[in-house]
2 protein chains.
Amino acid sequence: MAPKPAAPPDERTTRERILDIAIELFIEKGYDKTSLREIAERLGFTKAALYYHFPSKQDILLALHLRLHDIGNKVFAELSNIDGGSESLSTWTTLIDHFVDQVANNRKLFLLHERNQNALEQVGRSKQHQAEHEDLEEALRRFLKNPSVPVADRVRMAASFGAVIGTFLVAGDAFADVPASELTSLLRDAVRDILGTRKTATRPPTRRANGRR
Amino acid sequence: MAPKPAAPPDERTTRERILDIAIELFIEKGYDKTSLREIAERLGFTKAALYYHFPSKQDILLALHLRLHDIGNKVFAELSNIDGGSESLSTWTTLIDHFVDQVANNRKLFLLHERNQNALEQVGRSKQHQAEHEDLEEALRRFLKNPSVPVADRVRMAASFGAVIGTFLVAGDAFADVPASELTSLLRDAVRDILGTRKTATRPPTRRANGRR
DNA sequence: GTCTATATTTCGATAGAC
DNA sequence: GTCTATCGAAATATAGAC
């Protein structure tokens with residue numbers, strides 16, 4: 001019905017193609033070391049043409065940042081649907097479960113964020129801080145500071161968050177050949193061991209696969 | 001005996017003061033967005049004076065990188081003293097234990113690395129790749145790719161590594177008021193729950209501090 | 001929408017005085 | 001060891017033709 005809802009069937013918009021190349025280069029070389037000339041060359045036209053689609057280089061990064069920002073909102077929305085906002089370890093388990101899904105499905109966006117934290121922070125400052133945008137990571141730190149939660153639990157929260165980052169981002173392509181469903185399942189098990197929120201009372205013996213078998 | 005072994009008692013050398021300011025700015029604004037003019041201004045002299053102490057901007061970053069590199073070597077050295085190099089989960093626990101100590105004691109250096117991965121990679125390339133320097137993180141990825149280790153275990157390894165990063169680096173100053181010894185102890189407990197290498201057979205009930213007490 | 005210029009700025013780096 | 005002065009390169013951004 002709608003003429004162009006979201007995805008033109010055959011061909012991506014030029015703006016989207018720019019963003020595709022940009023995220024690739026920003027991850028590989030970093031935002032600062034990536035020149036507009038290089039982005040334009042890969043697309044087959046020149047630097048000046050980019051300025052028809054984006055008013056500045058920062059706006060390219062901003063567009064990518066907004067995608068990540070929407071994901072953050074989605075995680076929080078799903079969380080408040082399930083739990084009233086209590087900050088127990090079981091609530092945190094739910095949060096991390098959603099987070100695992102999002103990182104698995106948007107790996108490049110999170111890689112971009114991991115490798116360009118400084119540049120992204122400056123985007124958040126120099127552009128309008130439009131109605132407290134609350135980044136995912138800022139919210140994390142806010143949780144971790146909550147003095148009414150025992151330190152032992154807060155450490156577990158930080159550790160579980162890092163476990164996701166470590167497995168999906170820092171590990172690089174080490175798990176490239178592992179099916180996504182298996183990887184997320186294994187990671188969820190590990191997260192539950194960190195947070196102590198396994199469903200079964202006794203530890204399943206399956207996961208003690210230690211040596212060569 | 002030696003006239004000036006390592007630490008002049010009263011006053012740091014200018015070279016060290018430059019590195020102190022540089023690591024601060026590189027963490028805060030990023031390597032690329034930090035100008036030599038800014039470093040010099042904070043030290044009270046001008047940009048050109050820096051070139052007496054360092055031949056280029058990259059060499060400032062290189063000097064900081066070498067400090068981190070030495071730490072990586074130290075971790076590996078201690079590891080091979082204890083274990084012959086077997087890549088079991090218990091060996092990995094020992095590795096992470098050393099890693100926790102190093103991150104706790106050199107937080108700024110690891111923060112620098114976390115926030116300037118791209119710039120540091122280019123240092124490793126453009127400067128001589130002096131006898132396979134083997135970064136800590138490269139070694140990690142090499143371990144994680146080992147096909148003779150079950151995937152479930154490799155995920156646990158990556159998760160435990162990330163847990164350390166998450167607690168010490170991503171968490172920011174959330175644990176600034178927690179004594180270092182307590183923080184590392186809590187983190188080590190969490191790592192053991194990830195890797196399944198607790199010393200006691202039964203899970204100690206102390207760490208199930210869940211609610212409000 | 002993309003092009004060819006060109007303007008503007010910033011920065012790393014050098015030369016040479018003190 | 002630090003200074004002033006300047007060079008040269010590279011990048012963002014703009015102006016205007018097609």
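Keep in mind the model is a prediction, meaning the values are calculated, not measured.
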Taking it one step at a time, do A:Arg142 and A:Glu138 satisfy salt bridge (charged side-chain N to carboxylate O under 4.0 Å, His left out)? CA-CA 6 Å; A:Arg142 202 165 46 79; A:Glu138 300 170 30; over 6 Å; no
Which is true for A:Ser35 with a 4.0 Å heavy-atom rule: it touches a base, it touches only sugar-phosphate, or it touches nothing? sugar-phosphate
If you assign B:Lys47 and B:Thr14 each to the DNA chain D nucleotide with the nearest heavy atom, which residue ends up on the more 5' nucleotide? B:Thr14
Atom pair distance, as rounded to whole Å: CG in B:Leu50 and C1' in C:dT14: 14 Å
Using the ring of each side chain (for Trp, its six-membered ring), is A:Phe45 parallel, tilted or perpendicular to A:His53, with breaks at 30° and 60°? parallel
Separation of atom CZ in A:Arg37 from atom P in C:dA5, rounded to whole Å: 17 Å
Euclidean distance, atom OH of residue B:Tyr52 to atom P of C:dT14 [Å, nearest integer]: 16 Å
Rounded to the Å, how far apart are B:Lys33 NZ and C:dG12 C1'? 16 Å
Nearest-nucleotide pick for B:Ala48, side chain only, options being C:dG1, D:dA11, D:dT4: D:dT4
Nearest whole angstrom, please: distance from the P of C:dC11 to the CG of B:Asp32. 12 Å
Is A:Lys33 positioned over the aromatic face of B:Tyr31, cation under 6.0 angstrom from the ring centre and no more than 45 degrees off axis? no
How is B:Tyr51 classified with respect to the nucleic acid when contacts are heavy atoms under 4.0 Å: base, sugar-phosphate, or nothing? base
Within this structure, what is the CG-to-P distance between B:Leu36 and D:dC7, rounded to whole angstrom? 20 Å
Report the relative orientation of the aromatic rings in A:Phe99 and A:Phe161; use parallel for angles under 30°, tilted for 30 to 60°, perpendicular for over 60°. parallel
In this structure, how many angstroms lie between the C1' atom of C:dC3 and the CD atom of A:Glu41, rounded? 15 Å
Which nucleotide in the list D:dT12, C:dC3, C:dA13 gets nearest to the side chain of A:Thr46? C:dC3
Check A:Asp189 with B:Arg156, please: is the shortest side-chain N to carboxylate O separation under 4.0 Å? no
B:His53 has a side chain; which of D:dG1, C:dA13, C:dC3 sits nearest to it? D:dG1
Whole angstroms only, please: what is the NZ-P distance between B:Lys57 and C:dA13? 8 Å
